[in-house]
There are 2 protein chains.
Amino acid sequence: MILEKKKAFSEFAANKGLRSTRQRDIILDIFLSTHQHVSVEELYLKVKASHPGIGHATVYRTLKLFAEAGLAREILLHDGQTRYEHVLAGEHHDHLVCTGCNAIIEFEDETIEKLQKEIALRHGFLIRSHKLEIYGLCACCRS
Amino acid sequence: MILEKKKAFSEFAANKGLRSTRQRDIILDIFLSTHQHVSVEELYLKVKASHPGIGHATVYRTLKLFAEAGLAREILLHDGQTRYEHVLAGEHHDHLVCTGCNAIIEFEDETIEKLQKEIALRHGFLIRSHKLEIYGLCACCRS
DNA sequence: TAAGATTATGAAAATGAAATTCAAAAGCAA
DNA sequence: TTGCTTTTGAATTTCATTTTCATAATCTTA
C-alpha cells in the first residue's frame, strides 16, 4: 500500500513535470508512516527530527502536492490548523461520528453514492469528492 | 422564524448573563436577513454599510455568540474564511460545494435521508444531525 | 558528462484571518 | 444618579500559511 502510494505520487509528479527531490521523498515517507490526521506542524516536527535541514515551507508545499495527487486530503477542524488524512483506495469516506465517545464508525452505501451522482448530474456539477458525517450517539453511549 | 431566533438569542443571553446591546441587535438582524453562508467579512461589510461605527472585532465576537447560542453554525471551506450558516429547525443541510468559485448549492434528498436512518438503525446509532458535502466543480467552473 | 535551463528549496518577510488588549462607552442594579 | 461590570472599537498581536528571492538541486540535451 505504501509502495502503491509512492508510485502514485511518482506518476503524478511525472505527469505534472515535477522534479523528484530528496525532500519530497522524505516527506512522503514520513507522511505515509503516520496514522490518521496529521497537522502540518506535527508532520514538520517529525520531518525536522530526522532531517533538520528541511524547512517549513517545503512541508506545506509538499503536503499540498500530496492532496493534489490524491494521496492525502485536507481536513479543517475548528482549531485553525489544517490537517491531512490519508486517502485510502476505494474508500467512501462516510462516517457515523459518536458525539458521546468520539467513536467513528465507517460505512459504505452504494445507493447513497448513486443518488449523489444523480443530484450532481441534475445540477451540472462535477463531483471530485464528498464527505458524509452522521452525528449522534453510538449504541454504547445512548444506553 | 426570525422572531423565534431573536427570542432564542435573548434567552441565551439572559442565561449567560450577557447584556443586551444595540450592536448585537443590529448584527443579529442583519445576520437573519442574509441567506445561507455568510463569511465574517461579508457580514461585517453589510453591517458597516448601515452602521459604520460597528467594528470588526464586534462582528467576530457576536457571530461566535450566535454559534454558541445555536442560531448559527461555523463552516470551514478551503479558502481560509470562516463562514456562518443559519441553523434551521429540522434542516437537512446537504450541499454541493464548488471548489472553483466556492458556490454552495443546497439540496435535499429524502431517499438519502431514509438510507441514513437505516444505516444508523443497523448500527444501533441515534442520529442527532448530519452533514453531507459533495465537493467538485459547478456548471460554470467546469466549462 | 558538462553546460544551460528550469524547478525546488530554505530563510526570512509578508500576508491575512482571527484573537486580544485596553481605554472609553454603555448597560444594569440599587 | 452612583458605582460596578460588561461591551465596544481601534489598534495591536498572534499565528498559520504563503510568498519572495537568492541559492541549490534536478533535468535536458548537446
Side-chain angles (χ1 to χ4, degrees), chain A residues 9-31 37-69 72-84, chain B residues 9-31 37-69 72-84 99 102:
Chain A
F9 185 64
S10 290
E11 280 168 17
F12 169 82
N15 251 25
K16 273 229 149 193
L18 301 178
R19 291 181 175 169
S20 141
T21 71
R22 198 176 54 88
Q23 288 86 334
R24 286 180 185 156
D25 290 346
I26 291 164
I27 296 171
L28 181 53
D29 273 340
I30 294 179
F31 174 66
H37 311 327
V38 215
S39 72
V40 184
E41 187 61 22
E42 281 162 9
L43 197 72
Y44 167 66
L45 290 175
K46 266 181 187 282
V47 167
K48 215 175 82 171
S50 50
H51 299 83
I54 294 181
H56 232 125
T58 302
V59 177
Y60 273 97
R61 288 188 278 231
T62 307
L63 283 172
K64 279 213 173 296
L65 286 180
F66 294 168
E68 261 187 78
R73 184 186 299 113
E74 280 191 352
I75 333 202
L76 304 171
L77 301 184
H78 288 261
D79 66 346
Q81 294 236 145
T82 300
R83 281 151 214 283
Y84 286 84
Chain B
F9 185 64
S10 290
E11 281 168 18
F12 169 82
N15 252 25
K16 274 230 149 192
L18 302 178
R19 291 181 175 169
S20 142
T21 70
R22 198 177 53 87
Q23 287 86 332
R24 285 180 186 155
D25 289 346
I26 290 165
I27 295 171
L28 181 52
D29 273 340
I30 294 179
F31 175 66
H37 314 112
V38 216
S39 72
V40 183
E41 188 61 21
E42 279 163 11
L43 198 71
Y44 167 67
L45 291 176
K46 266 182 187 282
V47 167
K48 214 175 79 171
S50 48
H51 300 83
I54 294 180
H56 232 125
T58 302
V59 177
Y60 273 99
R61 288 188 278 232
T62 307
L63 283 173
K64 279 215 173 295
L65 287 180
F66 294 167
E68 261 188 78
R73 182 187 300 117
E74 280 190 352
I75 1 188
L76 304 172
L77 301 185
H78 290 259
D79 66 346
Q81 294 237 147
T82 300
R83 282 149 215 281
Y84 286 85
T99 54
N102 285 315

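Computed from a prediction, not measured in an experiment: that's the story for all the values here. Chain identifiers are assigned alphabetically (A, B, ...) following the order of the sequence lines, protein sequences preceding nucleic acid strands; residue numbering begins at 1 within each chain.
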Answer whether the closest heavy-atom distance between the side chains of [X] and [Y] falls below 4.5 Å.
| X | Y | answer |
| --- | --- | --- |
| Leu76(B) | His78(A) | yes |
| Glu74(A) | Lys64(A) | yes |
| Ile75(B) | Tyr84(B) | no |
| Ser50(B) | Ile30(B) | yes |

How many angstroms lie between [atom1] in [X] and [atom2] in [Y], if you round to the nearest 0.5 Å?
| X | Y | atom1 | atom2 | result |
| --- | --- | --- | --- | --- |
| Leu65(B) | Phe12(B) | CG | CZ | 5.5 Å |
| His37(A) | Arg73(A) | NE2 | CZ | 9.5 Å |
| Leu63(B) | Ile27(B) | CG | CD1 | 7.0 Å |
| Thr58(B) | Arg24(B) | OG1 | CZ | 9.0 Å |

**Message:** In terms of relative ring orientation, are Phe66(A) and Phe9(A) parallel, tilted or perpendicular, with 30° and 60° separating the classes?
**Reply:**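 Perpendicular: the ring planes of Phe66(A) and Phe9(A) meet at over 60°.
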Rounding to a whole Å, what distance do you find between [X]:[atom1] and [N]:[atom2]?
| X | N | atom1 | atom2 | value |
| --- | --- | --- | --- | --- |
| Leu76(B) | dA18(C) | CG | C1' | 12 Å |
| Tyr84(B) | dA17(C) | OH | C1' | 11 Å |
| Asp79(B) | dT17(D) | CG | P | 14 Å |

**Message:** Can you list, in residue-number order, the parts of residues 43-65 of chain B that come under 4.0 Å of DNA chain C, counting heavy atoms only?
**Reply:**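 Close to the strand are Ala57(B), Tyr60(B), Arg61(B), Lys64(B).
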**Request:** Name the nucleic acid region contacted by Gln81(B), choosing base, sugar-phosphate or nothing; use a 4.0 angstrom heavy-atom cut-off, strictly under.
**Result:** sugar-phosphate
**Request:** Only one of Lys46(B), Arg83(B), Gln81(B), His56(B) passes side-chain hydrogen bond (donor to acceptor under 3.5 Å, both in side chains) with Glu41(B); say which it is.
**Result:**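 Result for side-chain hydrogen bond (donor to acceptor under 3.5 Å, both in side chains) with Glu41(B): His56(B).
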**Message:** Working note: Ile26(A) + Arg22(A), criterion side-chain contact (heavy atoms from CB on, under 4.5 Å); need CA distance, chi angles, decisive distance, verdict.
**Reply:** CA-CA 6 Å; Ile26(A) 291 164; Arg22(A) 198 176 54 88; 3.7 Å; yes
**Those residues of residues 23-31 of chain A lying under 4.0 Å from DNA chain D by at least one heavy atom** =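 Contacting residues: none.
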**Request:** Take Val40(A) and Arg22(B), find for each the nucleotide of DNA chain D with the closest heavy atom, and name the residue whose nucleotide sits nearer the 5' end.
**Result:** Arg22(B)
Under 3.5 Å, N/O pairs linking protein and nucleotides 28-30 of chain C:
unit_1, atom_1, unit_2, atom_2, d
dC28(C), OP1, Ser20(B), N, 3.3

**Message:** Is there a side-chain contact between Thr82(A) and the phosphate of dT17(D), meaning an N or O under 4.0 Å from OP1 or OP2?
**Reply:**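 Yes, Thr82(A) has a side-chain N/O under 4.0 Å of OP1/OP2 on dT17(D).
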